[in-house]
Amino acid sequence: MKSARAYTTALPVKIIASGFNAYLISDASAKMVYVCAIIRSGFYNESPDPADHESGINHLFEHVLLNAWHKCHKKQCALFWNNRSAVYNGSTHMQYVEYHITGLDSETADMVDYITQIINNPQFDAKIIEAEKAAVLNELKIIQNNPAHKLYHALYSCVYSDRSGLRNETNIQMQIDNLKRITVADIVEYHRRYYTSENITFFFAGNITKSAVISALTRNMTRGRGRRDNRGCSAVTIDSDKVLIPSFRAIGSSNGSNGSNGKSGKTGNTPTFPIFIENPEAKNTTFTIILPVFQSSSPDIVSTHHFSLFEGIIGVELNLLLRTKNKLVYGVGVQAYSSTNGNMLLITGSCIDKNVIRILNMCLRYMIERRHPEHRVPEKILCAEKGRFAMAEYRQTRTAIQAIAYYQSFFTTYVRMNGTVPLAELNVPFVRPEQMLRNIESASADDMRKMFQNTDVSKAVYGYIGKHKQHQ
């Protein structure tokens, strides 16, 4: 029997069968099995034109496909899987959709058949589609009732000003209005257009053999390679020449910062920052800042790991500044997001209403000061953050399912960074965990300084949700 740590030195086996790509980590001793499909189709594919009936179609499609297995006999598949030792779900993202199932190895044959068949030979049913429209409507209403979605929609409408599909990811009302327009024919046509072998990659892990994977792909993947329709397929972009964002100035000051002209906004369709969203029921104020981080070279896995380290350092320093030293927040979250033409940082937190303008100012001022050519990340903070990455890795037991999840995360990162490349042509350089740690260890203070300098604070979008608008 292999030890759990042995998986840190094993890469997934690539399998090509019937024109489809799959990755497998096999372990005969494993008691659980995982099956997943990644589809190159997300919000960026969707046309914003109401006449096309596409805004929100991927989300509905995800719900419909999870119930499109022949063994469910045109009924909800929960009726089948609730009686089995397995859990399934799906999720829709900007640039891909994911379908997955995990269960005991006694369910292997059905789990493999389920995922492979719903992806390529789904059994669509008008009643199921209407039922899932109701489920999606309920989910969208929950999001719509959350005041946070209004702020995110306002911010992302600026970030993705030239990417209608991505901008409409947060346009909940448009998706609700479009639900009633989507027909069975629309669902069938969307599947034909995007669910082709070029756009599909499978992941398998556990007590499953290579021959079993090949057999399943051969049995269920009868459509072969289809023609990919590139309409609406554009990379996620945060382009400084296209994003409608005013130059940043220190909030409440009359003099510009970072080379700006001191204006807080422009006329026309460009909003003035910070954007305020009223929530009469709010007991405190939540805030969000989005900053583009441009890359000076083509994205690679080393720069992606360094970007994750960059995210951690900003989180540590902002929490020291805002919580430890000034007691203005309970905590600040920082999230790094990689995309085709660059990256972006999301800074989020909550505070007492009257402090929000001061906090926004401090966060943006921090990013400006860190862009100074002579600034260096303190070596102690850099080393400590590298150590936290190592701690997270050492805590992993790395079973077959954990290992495939680790490598699948590499795959989806590359999907985001290569926004228009068909999955069949995507060459993902999988990196073992120990190599990932070496990449992290190789990061220098100078690497972090360059990332700060590539963060364009003048293109920041930011806002807050609270009971009252605060004076700047």
Side-chain angles (χ1 to χ4, degrees), residues 1 4 7 12 15 17-18 20 22-39 59-92 97-136 138-139 187 191 195 200-222 397-408:
M1 179 186 295
Y7 290 111
I15 300 170
S18 298
F20 290 85
Y23 293 95
L24 167 68
I25 292 182
S26 181
D27 177 17
S29 67
K31 302 302 181 184
M32 295 179 66
V33 167
Y34 172 80
V35 185
C36 175
I38 302 293
I39 317 299
H59 186 189
L60 174 62
F61 200 93
E62 170 214 322
H63 279 245
V64 171
L65 220 60
L66 288 171
N67 293 288
W69 190 32
H70 75 100
K71 286 193 176 184
C72 300
H73 303 293
K74 296 185 178 181
K75 297 180 180 179
Q76 297 288 324
C77 281
L79 298 174
F80 181 93
W81 288 114
N82 284 351
N83 296 320
R84 303 297 185 95
S85 300
V87 178
Y88 70 100
N89 209 338
S91 56
T92 303
V97 182
E98 176 181 328
Y99 304 87
H100 59 86
I101 189 167
T102 306
L104 296 180
D105 61 351
S106 58
E107 309 292 346
T108 299
D110 276 338
M111 289 193 297
V112 171
D113 189 69
Y114 172 64
I115 292 295
T116 55
Q117 192 189 80
I118 65 172
I119 295 303
N120 207 57
N121 288 308
Q123 307 297 305
F124 293 124
D125 178 75
K127 291 182 179 179
I128 288 290
I129 292 174
E130 289 304 312
E132 291 309 314
K133 282 185 179 182
V136 171
N138 189 34
E139 187 176 345
I187 293 291
H191 180 265
Y195 280 60
I200 301 170
T201 298
F202 293 93
F203 290 84
F204 300 86
N207 186 13
I208 181 171
T209 64
K210 181 178 179 180
S211 61
V213 171
I214 293 174
S215 176
L217 295 180
T218 303
R219 181 174 64 254
N220 285 328
M221 301 303 169
T222 58
T397 57
R398 203 66 71 192
T399 64
I401 291 177
Q402 288 173 320
I404 204 68
Y406 170 84
Y407 291 113
Q408 186 178 314

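Keep in mind that the numbers below use all heavy atoms, side chains included, and drop hydrogens, waters and symmetry copies.
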For the atom pair CG (N67) and NZ (K74), what is the distance rounded to the nearest 0.5 Å? 13.5 Å

Give the minimum heavy-atom separation between C36 and I115, together with the two atoms involved. C-CG2, 4.2 Å

S85 to E107 - nearest heavy-atom pair and separation: N-OE2, 3.5 Å

Under the side chain to side chain contact (heavy atoms under 4.5 Å, CB included) criterion, do L60 and E132 qualify, and how do the steps go? CA-CA 7 Å; L60 174 62; E132 291 309 314; 4.2 Å; yes

Take the angle between the ring planes of W69 and W81 and call it parallel below 30°, perpendicular above 60°, tilted in between. parallel

Atom NZ of K75 with >12 non-hydrogen neighbours under 6.0 angstrom: no

Quick one: are the ring centres of Y195 and F61 less than 6.0 Å apart? yes

So, applying ring-ring contact (aromatic ring centres under 6.0 Å, His included) with Y23, which one of F204, Y407, F203 is it? F203

Contact check, side chains of Q123 and I128, non-hydrogen atoms, under 4.5 Å: no

One should read off an interatomic distance between D27 CG and I401 CD1, to the nearest 0.5 angstrom, of 10.0 Å

Side chains of N121 and H70: closer than 4.5 Å at any heavy-atom pair? no

Measure across A400 and G206 and return the closest heavy-atom pair with its distance rounded to 0.1 Å. CB-N, 3.8 Å

Nearest-0.5 Å distance, CE of residue M111 to OG of residue S106: 7.5 Å

Determine whether E139 and H59 satisfy the following criterion, side chain to side chain contact (heavy atoms under 4.5 Å, CB included), listing intermediate values before the conclusion. CA-CA 10 Å; E139 187 176 345; H59 186 189; 3.2 Å; yes

Between K133 and E130, does any side-chain N to carboxylate O distance fall below 4.0 Å? yes

Would E62 and V136 count as a side chain to side chain contact (heavy atoms under 4.5 Å, CB included) if you check the C-alpha gap in whole Å, the side-chain angles of each, and the deciding distance to 0.1 Å? CA-CA 10 Å; E62 170 214 322; V136 171; over 6 Å; no

How about I208 and V213: do any of their side-chain heavy atoms sit closer than 4.5 Å? yes

Reported CD1-to-CD1 distance for the pair I404 and I25, which is rounded to 0.5 angstrom: 4.0 Å

Any non-hydrogen side-chain atom of I214 less than 4.5 Å from a side-chain atom of K210? yes

Does Y114 have its ring centroid less than 6.0 Å away from the ring centroid of Y88? yes

How many angstroms lie between CD in Q76 and CG in N82, if you round to the nearest 0.5 Å? 10.5 Å

Does any non-hydrogen side-chain atom of T116 lie less than 4.5 Å from one of F20? no

To the nearest 0.5 Å, tell me how far H73 NE2 sits from F80 CZ. 8.5 Å

Closest non-hydrogen atom pair between A68 and C77, with its separation: N-SG, 4.3 Å

